[in-house]
Amino acid sequence: MRKKRKGSETDATEDELKQGHDSRTSIIRSHYSLEDYSRLKKRCKEDAGTQPIGSFKSRLAGIATAPPCGASSSLVPAGRGLKRKIGCIDVHTQMGRKNKIEDDHTKVEVIGHGKFGSVWLCRSKASGAEFACKTLRKGEETVHREVEIMQHLSGHTGVVTLHSVYEEADCFHLVMELCSGGRLIDQMVEVGQYSEQRAANIFKDVMWVIKYCHDMGVVHRDIKPENILLTTSGKIKLADFGLAMRISNGQTLSGLAGSPAYVAPEVLSGNYSEKVDIWSAGVLLHALLVAALPFKGDSLEAVFDAIKNVKLDFHSGVWETVSKPARDLMARMLTRDVSARITADEVLRHPWILFYTERTLRTLTIKSKLKNQVGASHHHPAILSGVESDENKIDRGSRNDESHALSSSESLNSESEVQDEGGFVDALAVAISNVRISEPKRSRLCGPSGPIEQQCSSNLTANALCRAF
Ligand SMILES: Nc1ncnc2c1ncn2[C@@H]1O[C@H](COP(=O)(O)OP(=O)(O)OP(=O)(O)O)[C@@H](O)[C@H]1O
């Protein structure tokens, strides 16, 4: 497990990584902390944006826009204790708090570093099971919120499960599911540019969990590969809810929060919604597809300026090697027009995602087989026969690995991938026109103010600028 440290400092393993992967590391890592920046600016004050009057009490409670999780969750002054603060904490978690963590677990080794301290690998004395233990010092309301939101989201396969919480006078110990597969960022440094097949399968899993968060009224606000952990079988787990906020329909957040390279432009300028996670995920997709961050700079101000003003060009340079549907999705996620930016659900229904996922490949294969049966195989577009030959590999991956989506993509990639040839891209482009987007949104998406166009910094520039990231 690699160590990391958020903030203005570099990652703990940066030197090591730089030796082996200097350019890739520098291109996709993000080292600035918006919190540090906002502390400097003395304006790291989170608040509800255009909140109706009724939200006043919840703002007092420090959960700015939280719909009630438990009846008492948003009406108790901050800092009065986890149990009262968190109405929805379950029995198992509450019971864990009655003992000291040392009574139940043995600390084995440090496996990660965060801004709140170390994350430990610990072993249950009763069962021998291994967990990750994160200790949060009391004092900041965000600590309570992180626990509350993890509890709220726990249970989804894409979220790191919170097993128990131990409270001490000055801290909480969170005993979480152990993700032994490391962080996505570390895999990205190893891999560099992902094939579209593999990127789509990873990204689909990321978007599923983001959609889940949004459906549950949670904005993560710090989507980045550093916060996406992997299990030993390669399953994606979203972690670090330290900046997450509850939000209900129509409400907005304000306050500078996130990681600079991934932060959405509206975070820098005013009120924002869950769409900030879509932007950040778009930055992640950009990094997966071309192994570079889209917005770069040699200072925080320069990065922010790029986020607000740089016009990305998905038509030339490295993007010429990427399929049109992938570029289309990028543009729909990285549009500064928040109302035109697609939702998590729409991302998941985008043809590029659908095409590359196992279910879609299977569907296409079935269609291909049906056509074969009626003797039309010689009329098949190349795309279908290519997909069919790959499906067997998917099945093998699914049988051997619980993470069928990711493993299938890995197995596909380890052998021969579907190539983005002309017919393939064209077929996907045709599929895009069939995406079901409501009329108003379609017109917004396709209108003149739609996808971002224009120039992107070249890799040359990126190498120079990305030292800071
Ligand atoms: N459940 C887990 N399983 C394995 N490792 C973990 C787990 N949770 C955290 N880690 C490791 O600890 C590191 C820090 O954890 P986390 O990001 O939750 O802490 P943080 O203080 O909120 O960090 P940040 O400074 O990024 O906000 C992670 O990058 C990861 O390497």
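In listed order, ligands and their atoms are each counted from 1.
Rounded to the nearest 0.5 angstrom, Lys275 NZ and Ser339 OG are separated by 6.5 Å. Here OG1 of Thr135 is found 5.0 Å from NZ of Lys107. Values are rounded to the nearest 0.5 Å.
Ligand 1 has no nitrogen or oxygen under 3.5 angstrom from a nitrogen or oxygen of Ala239. Annotation: Lys224 places no N or O atom under 3.5 Å from an N or O atom of ligand 1; distance criterion only. Annotation: Asp222 places no N or O atom under 3.5 Å from an N or O atom of ligand 1; distance criterion only.
By the 4.0 Å N-to-carboxylate-O rule, Glu266 lies close enough to Arg341 to be salt-bridged with it. Salt bridge Lys100/Asp103: absent, no basic N to carboxylate O contact under 4.0 Å.
Applying the 4.0 Å criterion to heavy atoms of Gly112 picks out, from ligand 1, the atoms 11 (C), 12 (O), 13 (C). Counting the atoms of ligand 1 from 1 in the order shown, those under 4.0 Å from a heavy atom of His113 are 13 (C), 14 (C). Atoms of ligand 1 lying under 4.0 Å from at least one heavy atom of Ala132, given by number and element, are 1 (N), 2 (C), 3 (N), 7 (C).
Few gaps surround CG on Asn309; more than 12 heavy atoms of other groups in view lie less than 6.0 Å from it.
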Trace of the side-chain hydrogen bond (donor to acceptor under 3.5 Å, both in side chains) decision for Lys204 with Thr357: CA-CA 8 Å; Lys204 180 205 71 178; Thr357 58; 5.5 Å; no
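Considering Ile185, Ile111, Val110 only, the shortest heavy-atom separation from atom 5 (N) of ligand 1 involves Ile111. For atom 7 (C) of ligand 1, the nearest non-hydrogen atom from the set Asp240, Thr231, Leu229, Val160 belongs to Leu229.
Here Glu177 has backbone heavy atoms under 4.0 Å from ligand 1, and that is the only part of it that gets that close.
Looking at Asp328 and His350, their side chains do bring a donor and an acceptor atom within 3.5 Å of each other.
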